[in-house]
Amino acid sequence: MSKRNPEYDFAWCPGCGDFGVRRALQVALEGYSVEHEEPQRNNVIVAGIGCSGNMVHLVEGEQPFGIHGIHGRTLPIAFGVKMGRPELNTVVVAGDGDFLSIGAEHLGPAANRNVDITAVIMDNGVYGLTKGQSSPTSEFGAITTSTPLGKIEAPVSPLKNYMAMGVSYIASYYSSKPRVLAKVIQEAMNHRGFSIVHVQSPCTTYNDTYDILKGKPREGIKGLAYDIPEEHNPYSEAAALDILNQPGIPLGVIYKQENTTLQDRYEKLQERAPQRTNDEILDTYLLKI
Ligand SMILES: Cc1ncc(C[n+]2csc(CCOP(=O)(O)OP(=O)(O)O)c2C)c(N)n1
Ligand code: SF4
Ligand SMILES: [Mg+2]
């Protein structure tokens with residue numbers, strides 16, 4: 001529980017992957033503030049609803065602004081923040097349920113607009129906060145509280161979906177390596193446009209995937225997670241698609257694309273907009289009979 005927010009009693013279970021993501025996010029926010037010589041309050045965290053969303057109350061140290069919004073609506077809220085205060089570093093934190101189920105409809109528009117927002121997604125393949133229902137990334141056949149006889153849908157492929165929608169920065173990571181994750185999150189914050197850092201963040205209570213991700217090297221069992229080779233060129237769409245078509249969970253930056261942001265285009269539009277006084281604007285609403 002954050003000392004800064006003693007009125008809240010949010011807590012994560014021991015071993016929850018979200019602790020590692022919190023450490024990484026704190027380091028990235030501090031790093032970003034130092035790099036840009038900005039106060040911490042120029043960072044805004046927009047959180048969804050879920051154990052992952054409780055991040056906004058649990059960040060320690062110097063506090064950024066925080067908005068604990070509505071389930072599935074992190075992107076519209078962050079969009080509003082960015083349009084109103086474009087100078088603020090706006091970061092979404094959400095779970096796989098929040099971002100890929102109820103909130104999925106907002107992904108396409110955000111990618112298409114290339115809104116300058118960074119999303120850090122904590123994927124644990126389950127609805128943790130509501131006690132273990134299946135989520136879009138739960139495996140086919142998964143036995144959960146909402147699928148007692150096994151899930152009958154295939155899991156979605158978040159990284160492939162981001163790519164297909166045109167997200168301009170896509171990274172995939174793992175919560176157990178917070179130092180490396182912090183660097184990726186900071187790079188994503190510096191990316192101009194819509195960036196997503198999709199983090200495997202195991203839920204130790206309802207879906208403990210640590211062994212599946214890491215494997216058991218001593219027993220010769222390989223994990224699903226593997227480092228993207230250093231020679232990978234993230235600016236190549238073909239190379240990114242190649243990685244996405246491999247089995248396993250890639251760790252690293254998969255894709256980057258430099259493009260204008262919605263804010264760039266909006267500023268250009270403002271230059272072309274006719275300058276009017278308030279009276280002239282009001283006048284346009286009057287019925288001329
Ligand atoms: C509109 C709305 N629908 C449903 C809920 C109930 N609800 C709260 S959190 C949650 C799912 C959380 O799963 P996820 O986003 O994966 O977060 P996690 O707890 O796993 O980090 C649901 C369905 C809600 N709060 N609001
Ligand atoms: S229920 Fe799962 S996701 Fe939620 S705090 Fe516990 S371990 Fe983490
Ligand atoms: Mg989840």
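Along the sequence shown, residues carry numbers from 1. Keep in mind that this is a model prediction, so the values were computed, not measured. In listed order, ligands and their atoms are each counted from 1.
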Nearest option to atom 4 (Fe) of ligand 2, as decided by whichever heavy atom of G50, G132, C51, A11 sits closest
C51
Taking only heavy atoms of G97, which atoms of ligand 1 are found under 4.0 Å from at least one of them?
14 (P), 15 (O), 16 (O)
Taking both backbone and side chain into account, is any N, O or S atom of C16 nearer than 2.8 Å to atom 6 (Fe) of ligand 2?
no
Taking only heavy atoms of G128, which atoms of ligand 1 are found under 4.0 Å from at least one of them?
18 (P), 19 (O), 20 (O)
With heavy atoms only and a cut-off of under 4.0 Å, state how S135 meets ligand 1: side chain, backbone, both or neither.
neither
Could you tell me whether E87 and R85 make a salt bridge, using a distance below 4.0 angstrom between a side-chain N and a carboxylate O?
yes
Consider every N or O of L129 and every N or O of ligand 1, then say whether any pair is closer than 3.5 Å.
yes
Backbone N/O of D18 and side chain of S201: donor-acceptor pair under 3.5 Å:
yes
For ligand 1, indicate whether the residue V126 contacts it via side chain, backbone, both or neither (heavy-atom separation under 4.0 Å).
backbone
Donor-acceptor contact below 3.5 Å, side chain Q40 vs main chain S33:
no
Relative to the heavy atoms of C203, which atoms of ligand 2 are at a distance of less than 4.0 Å?
1 (S), 2 (Fe), 3 (S), 7 (S)
Protein heavy atom at shortest distance from atom 6 (Fe) of ligand 2:
C13 SG, 2.3 Å
Expected output: side-chain D98 to main-chain G103 donor-acceptor under 3.5 Å:
no
Taking only non-hydrogen atoms of T204 and a 4.0 Å limit, the atoms of ligand 2 in range are 7 (S)
Taking 4.0 Å as the limit for heavy-atom contacts, which would you say applies to N124 with ligand 2: side chain only, backbone only, both, or neither?
side chain
